[in-house]
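Okay, here's the structure, questions in a sec.
No experiment lies behind these values; they were computed from the predicted model shown. Reminder, nothing fancy here: chain letters follow the sequence lines and each chain counts from 1.
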2 protein chains.
Amino acid sequence: MNDIDTVVERFREAGMKITPQRLSIFALLMDNKDHPSAENIYHQVLEIHPSISFTTVYKTLQTLRDLGEINELSVDPERAHYDPDVSEHYHAFCRSCRGIRDIFPGESSSFSSELPELEGFRVQSVQVAFTGQCEECS
Amino acid sequence: MNDIDTVVERFREAGMKITPQRLSIFALLMDNKDHPSAENIYHQVLEIHPSISFTTVYKTLQTLRDLGEINELSVDPERAHYDPDVSEHYHAFCRSCRGIRDIFPGESSSFSSELPELEGFRVQSVQVAFTGQCEECS
DNA sequence: TTCTCTGCAAATCGTTTGCAGTAAA
DNA sequence: TTTACTGCAAACGATTTGCAGAGAA
């Protein structure tokens, strides 16, 4: 995710408006390493905007995703999680606590960081998801 | 997925019963390379058992998954797909036709076939999903 | 007979949408 | 003023569950 000023600029360029709710969502996501769900984000923004609706959070996340500012992860079969780090990296999902940890190429020897070439398929994105148990849950 | 006799044996050993419905589902999955959804399987079994319910299909898939006979894929954010091939391989998911193609290690140079070691995480499975557009949809 | 499975119907839950009032530009 | 956004309430759709009758062992 770009810095807030850049995100704001991109919204304006696209003819979209900047609202206090959106600014709070941007701020919450910025540098967030927790891979929150829409519900997580909603509950956190509630502290700042007690009357914000889930719908607003949901639609803002959709927009950010469509702009490529954040990634929507499908690692957790029960719900989507969001990641403001759109650089090449992978995820370790703990079945027990449903936590998601970042894995950077190099940390796992057997996965390189190059976008692969596939015969007869135009690859737009790659998701590598390790599922298992984190240290705390073992 | 093991051959049908072995699957039947495993069910019996676990105190579970073998029904005509289950046998048809086993047969449909065996060597199936289509990565069907539960709904797909349900519609196919309907031809053989016109009164089978979705619930029965659903519960059988759960059981097969829990036994490790099939994998439940979360490549498609809209629904689960099932794969009787539980050997190490990856998937290419086409956003347009929602089709899933198998990718075997070696076909994609940048992903090896070894189960990786991650510091402080017990890896139980790895899902590598390439999302994009297949040849037919391009 | 015993115990699991089947099929129905309903509940669940994350996600998505329509719309009227609100607020940004 | 114009146009997009917010929040509500309801729809949606895949998934999951409770339960009574059916069927496998």
Run the numbers on B:Gln133 and B:Ser96 for side chain to side chain donor-acceptor pair (under 3.5 Å), then give the verdict. CA-CA 7 Å; B:Gln133 285 225 310; B:Ser96 303; 2.3 Å; yes

Under 3.5 Å side-chain donor-acceptor pair for A:Asp102 and A:His35: yes

So what does A:Glu78 touch, heavy atoms closer than 4.0 Å: a base, only the sugar-phosphate, or nothing? sugar-phosphate

Contact class for B:Pro20 vs. all strands (heavy atom < 4.0 Å): base, sugar-phosphate, or nothing? sugar-phosphate

Which parts of residues 45-57 of chain A get close to DNA chain D, meaning a heavy atom less than 4.0 angstrom away? A:Ser51, A:Ile52, A:Ser53, A:Thr55, A:Thr56

Under 3.5 Å, is there an N or O donor on one side and an acceptor on the other linking the side chain of A:Lys59 and the base of D:dC5? no

For C:dT4, take OP1 and OP2 only and decide whether either is under 4.0 Å from a side-chain N or O of B:Thr19. no

Would you please confirm or rule out a distance under 4.0 Å between OP1 or OP2 of D:dA24 and any side-chain N or O of B:Arg22? no

Check this one for me: any side-chain N or O of B:Arg79 less than 4.0 Å away from OP1 or OP2 of D:dG13? no

Taking atom types as modelled and ignoring hydrogens, do the side chains of B:Thr63 and B:Thr60 form a donor-acceptor contact shorter than 3.5 angstrom? no

When you compare the side chains of A:His91 and A:Asp83, does any donor N or O come within less than 3.5 Å of an acceptor on the partner? yes

Give a yes or no on whether a salt bridge exists between B:Glu69 and B:Arg10, defined as a side-chain N under 4.0 angstrom from a carboxylate O. yes

Would you classify B:Gln21 as touching base, sugar-phosphate or nothing, given that sugar-phosphate means primed atoms plus P, OP1 and OP2, and contacts are heavy atoms under 4.0 Å? sugar-phosphate

Round to the nearest Å and state the distance from A:Tyr42 atom OH to D:dC8 atom P. 8 Å

